[in-house]
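Working notes, structure below.
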Amino acid sequence: MEKKDPAVYSIGIVEERTGLTGRQIRYYEKMGLITPERTEGKQRRYSEKDINLLLKIKQLLSEGLDIKGVKEKLKAIKEELDLKEDLLNSKYSVNIPGRKEISSLYPVSDRAALIELLTEKEKNKKD
DNA sequence: GTTCTTACA
DNA sequence: TGTAAGCA
């Protein structure tokens, strides 16, 4: 089950796929909302998850949150995820639940981000 | 031509 | 946020 997510998208591609301007994308990065990789030439390279994260940010922003609010929201989601991860790795877990089941426990609005972050966690443990 | 940073309106 | 300058 090789599930890699290399950062291969240029900022131009990300603009098209997220509907955001390069200006906004760079601004969110400066605000600490995203951390894309860099090529040797210092150009930004985004992964599939970065794009999903950008879309999540865009959604939260459209819901009235400001940059600070989005940052806190993303942090909250991550903490929630770490908590669930502990349960998954717990010695008390007899039956390891599948990601699908886990995600179903979450409200639809947070499911996308949850799955996305969980996938990242799983990948990091494998590497 | 694309992207990057800095800076000004 | 848009745009321009000067680079890579």
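Numbers restart at 1 for each chain; the letters A, B, ... are given by sequence-line order, proteins then strands.
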Would you please name every residue forming a side chain to side chain contact (heavy atoms under 4.5 Å, CB included) with [X], sequence neighbours left out?
X	value
A/Ala76	none
A/Arg26	A/Ile11, A/Arg44
A/Lys68	A/Asp66, A/Glu72

Dot-bracket assigned to DNA chain B with the 3.5 Å Watson-Crick/G-U criterion, [ ] for crossing and | for other-strand pairs, is .|.||||||
Working to the nearest 0.5 Å, report the span between CD1 of A/Ile67 and CD1 of A/Ile57.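 One gets 7.5 Å once the value is rounded to the nearest 0.5 Å.
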A/Arg38/A/Glu29 salt bridge by N-O under 4.0 Å criterion: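 Yes, this pair counts.
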A/Glu15 bridged to A/Arg23 by N-O distance under 4.0 Å: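 Salt bridge: no.
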Heavy atom of residues 6-30 of chain A under 4.0 Å from DNA chain B: which residues? A/Ser10, A/Ile11, A/Gly12, A/Arg26
Report yes if the side chains of A/Leu33 and A/Leu54 come closer than 4.5 Å at any heavy-atom pair, otherwise no. no
Is there side-chain contact between A/Ile34 and A/Tyr46, with at least one heavy-atom pair below 4.5 Å? yes
Is A/Arg45 close enough and on-axis enough to A/Tyr9, meaning under 6.0 Å and within 45°, for cation-pi? no
Applying a 4.0 Å non-hydrogen cut-off, can you work out what A/Arg45 is touching in the nucleic acid: base, sugar-phosphate, or nothing?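 Nothing, no heavy atom under 4.0 Å.
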Boundaries of the DNA chain C segment in contact with chain A, non-hydrogen, under 4.0 Å: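 Result: C/dT1 to C/dT3.
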Just to verify, which of A/Val8, A/Asp5, A/Asn52, A/Leu53 counts as forming a side-chain contact (heavy atoms from CB on, under 4.5 Å) with A/Ser47? A/Asp5
